[in-house]
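Worksheet for the structure shown next.
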Amino acid sequence: DQQVKQNSPSLSVQEGRISILNCDYTNSMFDYFLWYKKYPAEGPTFLISISSIKDKNEDGRFTVFLNKSAKHLSLHIVPSQPGDSAVYFCAASAQGSDMRFGAGTRLTVKP
Amino acid sequence: EAQVTQNPRYLITVTGKKLTVTCSQNMNHEYMSWYRQDPGLGLRQIYYSMNVEVTDKGDVPEGYKVSRKEKRNFPLILESPSPNQTSLYFCASSWDRVGETQYFGPGTRLLVL
């Protein structure tokens, strides 16, 4: 039972344009959401997070939006750069419990 | 440099031959965990440890064992590996169970024939 879903296995965008990665969840108890970035042959690294009391969190070129009523979050990367090419995992946690991860979306940013 | 190390990075073995994947962290973190990553399923937690001698099952613990005798080390043991344990394994450590502080190791790719 996958509680966190990333329905797009891959996404390709042009350098300089916006990348939008989507994530849906089913557990209404989730109150903390994170995005991780993973390069080949490396472990995931934390990118950005958002608490359920917010609907937006921004860090430089990265912004995460949370829509609690739709149980949906998205990661926006503007502008996209070739170095952003990686697999992005969405994760969620309920009240400090262990995280549940989505299957990941492979982002390719073309020069 | 803060890091989580795993060994070996790649391993090919045969069904039933016991193996251990080591994990070590140098950040004095109390919380450590093991994940496996499979296509279409993302990362799923196998076991976690809140501190020395305190371990508990994650979502997919069947066929695995762990131990936490020292704070820095958290080995993953496969007593009798089977082909369905072919996967990419990640060890992680952090100050707590959630998120930003979680550091992942580089991964161990295991193939069980």
Side-chain angles (χ1 to χ4, degrees), chain A residues 1-10 21-27 29-52 54 57 59 62 64 66 73 75 86-106, chain B residues 1-10 21 23-25 27 29-50 54-61 74 76 87-109:
Chain A
D1 169 30
Q2 279 215 274
Q3 299 181 52
V4 179
K5 298 179 183 179
Q6 294 176 257
N7 293 319
S8 298
S10 63
L21 294 90
N22 294 303
C23 178
D24 297 295
Y25 61 95
T26 58
N27 187 345
M29 299 299 291
F30 286 146
D31 57 5
Y32 196 65
F33 305 88
L34 308 96
W35 285 93
Y36 281 81
K37 179 178 180 179
K38 183 185 176 306
Y39 291 119
E42 296 182 10
T45 55
F46 168 74
L47 185 59
I48 192 169
S49 64
I50 187 167
S51 163
S52 60
K54 295 185 176 182
N57 189 27
D59 183 2
F62 302 90
V64 56
L66 175 63
L73 66 155
L75 174 68
V87 176
Y88 290 79
F89 290 100
C90 171
S93 169
Q95 298 172 345
S97 68
D98 295 289
M99 294 185 288
R100 295 291 184 273
F101 286 82
T105 296
R106 181 177 302 279
Chain B
E1 179 192 354
Q3 59 181 355
V4 177
T5 56
Q6 295 178 227
N7 283 291
R9 295 289 311 277
Y10 304 91
V21 184
C23 173
S24 182
Q25 51 97 0
M27 295 163 280
H29 286 159
E30 294 185 345
Y31 185 80
M32 297 185 75
S33 58
W34 276 102
Y35 295 87
R36 59 179 290 174
Q37 181 191 347
D38 300 291
L41 297 175
L43 287 92
R44 294 178 294 166
Q45 192 180 56
I46 303 169
Y47 267 94
Y48 65 92
S49 170
M50 301 286 277
V54 181
T55 63
D56 207 347
K57 297 177 181 178
D59 292 327
V60 288
F74 190 44
L76 179 69
S87 187
L88 179 58
Y89 292 87
F90 291 101
C91 179
S93 76
S94 60
W95 292 115
D96 56 34
R97 295 171 79 165
V98 182
E100 289 115 352
T101 64
Q102 188 139 181
Y103 288 80
F104 283 84
T108 295
R109 189 167 290 281

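Throughout, protein chains are lettered first and strands after them, A, B, ... in sequence-line order, and every chain is numbered starting at 1. Since this is a predicted model, take the numbers as computed values, not measurements.
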Contact class of A:Lys38 relative to chain B, heavy atoms under 4.5 angstrom: side chain
Student check: side-chain heavy atoms of A:Met99 and B:Gln102 closer than 4.5 Å: yes
Shortest non-hydrogen contact from A:Phe101 toward B:Leu43: CB-O, 3.5 Å
Portion of A:Gln2 that has a non-hydrogen atom of chain B nearer than 4.5 angstrom: side chain
Within-4.5 Å side-chain heavy-atom neighbours: A:Phe46 and B:Tyr103: no
B:Arg44 backbone acceptor or donor facing A:Arg100 side chain under 3.5 Å: no
Structural part of B:Asp38 lying under 4.5 Å from a heavy atom of chain A: neither
Under 4.5 Å from a heavy atom of chain B, the part of A:Pro44 involved: both
Residue A:Lys37 excluded, over 12 heavy atoms near NZ under 6.0 Å: yes
Contact check, side chains of B:Phe90 and A:Glu42, non-hydrogen atoms, under 4.5 Å: no
Top of A:Gly102, A:Cys90, A:Ala91 for chain B proximity - count of heavy-atom pairs under 4.5 angstrom: A:Gly102
Residue part contacting chain A, namely of B:Gln37, when any heavy atom lies under 4.5 Å: side chain
